[in-house]
Amino acid sequence: MKIIDLLNEDKATLSFEVFPPKTSSKYENVLKAAEKIASLNPSFMSVTYGAGGGTSAHTVALAKDIHEKYGVEVMAHLTCVSSTREHVESMVEQFKENGIENIMALRGDIPKDGQVGEDYQYACQLIKKLKEKGDFCIGAACYPEGHVESPSIKEDIQHLKEKVEAGADFLTTQMFFDNNVFYNFLYKIKEAGIIRSRKLVLMYL
């Protein structure tokens, strides 16, 4: 089931995020932990991708196992800043083959050496490619207080609009501690023409 359909049911949703292991030897331990989380009957569970895609193979396997073994809808993360076009297309095929239809599309952290791949520099580029390659439900990140690398809230909201126009189906906020910050953010993105029927998933402590 696509996560946007869950959100459109207009009721509270609960999700958990799990981190795939860095090594195959730890996989069963992580899977057992995921089983305990799944027993809480969340609306869905997301599986992260790891810095630079270092755990990408385990991301696919863990998402598949959570969905098939525990009956919980899943969303796999995918980052692009350190990835080639060929690697992204390979991941897309793996998602398709394993029945994963929900993807959190992220730029990812800039590597410590500052080297960014030639094929992808921004999340909106990844979102556009995913929409071209399959019938995926795509989540994207938004920042009520502005992205740390953005010079201004206004510019950050423009980048957010680019993600939505590229095909993001819903947005997940960075964690915030002041509801007024979020309410002001809602007004600003509404003025920018970003939210109409779009859903926002909120993260709280």
Side-chain angles (χ1 to χ4, degrees), residues 1-9 13 15-20 27 30-31 34 38 42-109 116-142 159-173 194-201 203:
M1 184 177 188
K2 291 183 177 178
I3 288 173
I4 188 61
D5 294 328
L6 289 172
L7 299 177
N8 279 329
E9 291 178 355
T13 58
S15 68
F16 294 99
E17 185 172 277
V18 294
F19 300 82
Y27 185 83
V30 173
L31 189 59
S43 304
F44 64 93
M45 293 170 64
S46 63
V47 183
T48 65
Y49 194 64
T55 61
S56 59
H58 293 134
T59 294
V60 175
L62 186 56
K64 179 185 178 183
D65 279 342
I66 290 171
H67 191 216
E68 293 185 353
K69 293 183 178 181
Y70 310 135
V72 176
E73 194 52 70
V74 291
M75 176 173 66
H77 289 211
L78 180 62
T79 63
C80 67
V81 71
S82 300
S83 298
T84 62
R85 191 174 304 276
E86 291 75 19
H87 178 74
V88 167
E89 291 183 355
S90 173
M91 291 302 301
V92 167
E93 291 307 310
Q94 290 181 56
F95 290 149
K96 290 180 179 178
E97 291 169 4
N98 290 281
I100 299 168
E101 60 180 353
N102 299 296
I103 302 174
M104 175 58 71
L106 305 164
R107 183 199 70 175
D109 295 331
V116 177
E118 296 181 359
D119 293 326
Y120 296 100
Q121 290 83 44
Y122 307 105
C124 63
Q125 296 170 317
L126 176 60
I127 293 167
K128 183 177 180 180
K129 177 58 66 176
L130 290 172
K131 282 296 184 181
E132 292 173 356
K133 290 293 182 178
D135 184 25
F136 296 110
C137 175
I138 300 175
C142 63
H159 292 315
L160 178 61
K161 188 172 184 179
E162 291 169 2
K163 295 180 191 179
V164 172
E165 291 176 345
D169 294 292
F170 65 94
L171 305 173
T172 300
T173 72
I194 293 176
I195 57 167
R196 294 187 180 91
S197 61
R198 299 283 176 179
K199 289 287 184 176
L200 290 170
V201 180
M203 293 177 62

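All values reported here derive from a predicted model rather than from experimental measurement.
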**OP:** Supply the atom-to-atom distance I4 CD1 to I138 CD1, rounded to the nearest 0.5 angstrom.
**Re:** 11.5 Å
Original post:
Do R85 and V88 touch side chain to side chain, with heavy atoms closer than 4.5 Å?
Top reply: no
Original post:
Quick one: does I127's side chain get under 4.5 Å of F136's, heavy atoms only?
Top reply: no
Original post:
Does the Y27 side chain pair with the main chain of L62, one donor and one acceptor, at a distance under 3.5 Å?
Top reply: yes
**OP:** Evaluate the criterion side chain to side chain contact (heavy atoms under 4.5 Å, CB included) for residue pair Y70 and L31; output intermediate values, then yes/no.
**Re:** CA-CA 10 Å; Y70 310 135; L31 189 59; 3.5 Å; yes
Original post:
Is it the case that more than 12 heavy atoms not belonging to K133 sit under 6.0 Å from its NZ atom?
Top reply: no
Subject >> Heavy-atom pair with the smallest gap, counting every atom of E101 and K2 >> reply: OE2-N, 3.5 Å
**OP:** Ignoring hydrogens and angles, tell me if any N or O in the side chain of T59 forms a donor-acceptor pair with the backbone of T48 under 3.5 Å.
**Re:** yes
Original post:
Is it true that the NZ or CZ of R107 lies under 6.0 Å from the centre of Y120's six-membered ring and within 45 degrees of the ring axis?
Top reply: no
Subject >> F16 CZ: over 12 foreign heavy atoms closer than 6.0 Å >> reply: yes
Original post:
Which is it for L171 and V164 under the side chain to side chain contact (heavy atoms under 4.5 Å, CB included) test, yes or no, and what are the steps along the way?
Top reply: CA-CA 9 Å; L171 305 173; V164 172; 4.1 Å; yes
**OP:** Please report the closest heavy-atom contact between F170 and C137, naming both atoms and the distance.
**Re:** CE2-SG, 3.8 Å
Original post:
Between L160 and A141, which heavy-atom pair has the shortest distance, and what is it?
Top reply: CD1-O, 3.8 Å
**OP:** Verify the neighbour count for atom NZ of K128: are there more than 12 heavy atoms of other residues, nucleotides or ligands below 6.0 Å?
**Re:** no
Original post:
Any side-chain heavy atom of D65 sitting closer than 4.5 Å to one from K69?
Top reply: yes
Original post:
Stepwise, does the side chain to side chain contact (heavy atoms under 4.5 Å, CB included) test hold for H67 with K64?
Top reply: CA-CA 5 Å; H67 191 216; K64 179 185 178 183; 5.9 Å; no
**OP:** Kindly compute the distance separating CG (L126) from CD1 (I103), expressed to the nearest 0.5 Å.
**Re:** 8.0 Å
